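For reference, the structure discussed in these notes is given below.
None of the values given here were measured: they were computed from a predicted structure. Start at 1 with the first residue, then count along the sequence.
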Amino acid sequence: MGKRADNLAANLIDRDHLQMLLLQEGLTQRQAADILGVHIRSIERRVLKWGLQTARSGPRAGPGRQEWRGRRSLDKHGYIGIFAPLHQHARSSTGRVGEHRLVMEVVLGRYLDRSEVPDHLDNVPWHNWPDNLALYPSNADHLRATLTGRTQSSPRRSIPGAHPSNQKLVRCPSELETLALCPSEIRRRLEHHIAIHQPTIEHLGYARREFLRAGAWTAPFQWASMG
């Protein structure tokens, strides 16, 4: 597109339409420029002029973001991470919380302290059903028990995904695998617990750091308070 044609097209940009593309649909400035048929600099100038909210390098929350296309991830040690950036202990780099920690919180009806350590009794770090988890007040207590109180003090190298296993998982296990022996009521509460710690449409266009660890958007553990 020539400069004159681009200027003519830029003059036809509607503010409300542009804001809808950037905020409600979560598009990048470049994607909006492609749709409107203008150079990205025209979009940048109008965003600055009109003070529009925008996701400069990609949608920051909502279905357009990579985390939302697959909220589960597998780390190098075999632990499952769940995208829940509103959670008070979410990792600052990824916005994720360990699934095993979330399961334990649902079982106890409260948030875990940062120092508390849920341990996998069978040494498989992605077997996250309640009967396979034991909670220790601190990592020191955890190490003291696991190094002296078990016939097998460290994960077997034959367990895929268990650190320091030499058989790494090549995919992230599904909920059907990681919660295979989890009671249905606990699974239902876990789904709710995860959902209330994930961004809503109101967070569209904002950087993760602006809502990271902001807290659940509704009261957590309501079933526990009712009991």
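Between R187 and E191 there is no salt bridge, since no side-chain N of the basic residue sits under 4.0 Å from a carboxylate O of the acidic one.
The aromatic rings of F221 and H193 are tilted relative to each other, their planes meeting at an angle between 30° and 60°. Aromatic ring pairs are classed by plane angle as parallel below 30°, tilted from 30° to 60° and perpendicular above 60°; the pair Y111 and H197 is perpendicular.
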Verdict with reasoning, Y136 to R144, per side-chain contact (heavy atoms from CB on, under 4.5 Å): CA-CA 10 Å; Y136 293 92; R144 188 178 302 113; over 6 Å; no
Walk me through whether H89 and E105 qualify under side-chain hydrogen bond (donor to acceptor under 3.5 Å, both in side chains). CA-CA 12 Å; H89 298 324; E105 289 181 342; 5.4 Å; no
Evaluate side-chain contact (heavy atoms from CB on, under 4.5 Å) for D119 paired with L121, printing each intermediate quantity in order. CA-CA 6 Å; D119 178 57; L121 300 179; 4.3 Å; yes
Could you please spell out the steps behind the side-chain hydrogen bond (donor to acceptor under 3.5 Å, both in side chains) verdict for H127 and N132? CA-CA 7 Å; H127 284 175; N132 191 45; 4.7 Å; no
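With rounding to the nearest 0.5 Å, the separation of CG in L135 from NE2 in H100 is 10.0 Å. Interatomic distance, CG of L179 versus CD1 of I186, reported as 10.5 Å (0.5 Å rounding). The CH2 atom of W217 sits 8.0 Å away from atom OG1 of T200, with the distance rounded to the nearest 0.5 Å.
With N128 as the fixed residue, the side chain to side chain donor-acceptor pair (under 3.5 Å) test singles out one of H120, R101, E177: H120.
The two residues P173 and R72 come nearest to each other via the heavy atoms O-NH2, 3.0 Å. The two atoms that bring A84 and V97 nearest to each other are O-CG2, 4.0 Å, heavy atoms only.
L74 and V103 fall within the same hydrophobic cluster, defined by Ile, Leu, Val, Met, Phe, Trp and Tyr side-chain heavy atoms under 4.5 Å apart, directly or through other members.
Between the side chain of D113 and the main chain of S115, no donor-acceptor pair closer than 3.5 Å is present.
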